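Take a look at the structure below.
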Amino acid sequence: GAVVSQHPSRVICKSGTSVKIECRSLDFQATTMFWYRQFPKQSLMLMATSNEGSKATYEQGVEKDKFLINHASLTLSTLTVTSAHPEDSSFYICSAYDRLNTEAFFGQGTRLTVV
Amino acid sequence: QKEVEQNSGPLSVPEGAIASLNCTYSDRGSQSFFWYRQYSGKSPELIMFIYSNGDKEDGRFTAQLNKASQYVSLLIRDSQPSDSATYLCASRGGNKLTFGTGTQLKVEL
């Protein structure tokens with residue numbers, strides 16, 4: 001299957017700083033990528049849909065100025081958590097759709113801890 | 001609000017038994033359905049997807065879909081300890097996946 005690579009896998013940052021997470025599709029072009037957040041014992045919650053070359057679409061309740069998404073190429077989307085706070089600590093996962101495969105492939109996830 | 005419901009479990013089955021995982025969804029417009037396996041601290045891995053009523057088999061896994069009842073299930077035959085994980089059901093509408101909270105499966109020796 002298609003491979004989606006997410007980096008870093010784990011990051012610890014101080015409160016008030018920003019963290020960038022990268023999501024790459026390695027062997028296919030991803031016109032659309034999705035960013036999820038998962039708190040312990042909870043399901044994946046879609047944060048935003050990232051479309052190559054256009055603005056991301058954010059789900060209700062997700063602050064677009066706090067979670068900056070850039071999808072500058074068909075193989076790379078980035079999520080930047082700005083002015084991180086401890087409540088932003090979570091597992092962030094990206095996903096890419098290859099329409100030809102009709103499947104969503106997930107990155108390895110990023111465990112963010114804000115101290 | 002579009003919802004996918006799953007029993008959180010844990011569901012405990014002995015090794016070699018059949019594990020049955022169930023899921024209901026509220027959006028009749030959902031086009032296809034996915035089962036993912038997620039180990040603790042890891043990202044979800046796709047097991048299989050189904051979009052037509054009936055059964056779909058892949059190795060030890062069988063997905064069942066009943067659109068009239070808005071019900072999806074996953075059967076795991078000959079369960080192994082390595083199958084112990086959380087199983088996430090997801091429905092697809094357009095490009096978006098809506099996930100259930102997952103069912104924790106424990107396969108006991």
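This structure is a prediction, so every number in the text was calculated from the model and none was measured. Letters A, B, ... are given to chains in the order of the sequence lines, protein chains preceding strands, and every chain is numbered from 1.
Residue-level contacts of residues 55-82 of chain A with chain B, in order of numbering, are A:Glu59; threshold 4.5 Å between heavy atoms. Listed in order of number, the residues of residues 43-51 of chain A that approach chain B to under 4.5 Å between heavy atoms are A:Ser43, A:Leu44, A:Leu46, A:Thr49. Residues of residues 107-115 of chain A lying under 4.5 angstrom from chain B, judged on non-hydrogen atoms, are A:Gly107, A:Gln108, A:Gly109, A:Arg111 in numerical order. Among residues 34-41 of chain A, the residues having any heavy atom closer than 4.5 Å to a heavy atom of chain B are, in sequence order, A:Phe34, A:Tyr36, A:Gln38.
Using a 4.5 Å cut-off between heavy atoms, B:Tyr51 makes no contact with chain A at all. With a 4.5 Å cut-off on non-hydrogen atoms, B:Leu97 touches chain A through its backbone and its side chain both. Within the 4.5 angstrom heavy-atom criterion, only side-chain atoms of B:Gln38, from C-beta onward, approach chain A.
Using a 4.5 Å cut-off between side-chain heavy atoms of Ile, Leu, Val, Met, Phe, Trp and Tyr, with links allowed through other members, B:Tyr36 and B:Leu75 fall into different hydrophobic clusters. Under a hydrophobic clustering in which Ile, Leu, Val, Met, Phe, Trp and Tyr are joined whenever their side-chain heavy atoms come within less than 4.5 Å, directly or via other members, A:Met33 and B:Phe99 fall into different clusters.
Considering every non-hydrogen atom in both B:Ser43 and A:Phe106, the closest pair reads OG-CB, 3.3 Å.
A 6.0 Å sphere centred on NE2 of A:His7 holds no more than 12 heavy atoms belonging to other residues, nucleotides or ligands. For B:Lys67, the NZ atom is densely surrounded, since the number of other residues' heavy atoms within 6.0 Å is greater than 12. Annotation: A:Arg10, atom CZ; neighbour count of heavy atoms from other residues, nucleotides and ligands within 6.0 Å does not exceed 12.
Between chain A and the options B:Ala90, B:Ser32, B:Pro44, B:Ser8, heavy-atom pairs under 4.5 Å are most frequent for B:Pro44.
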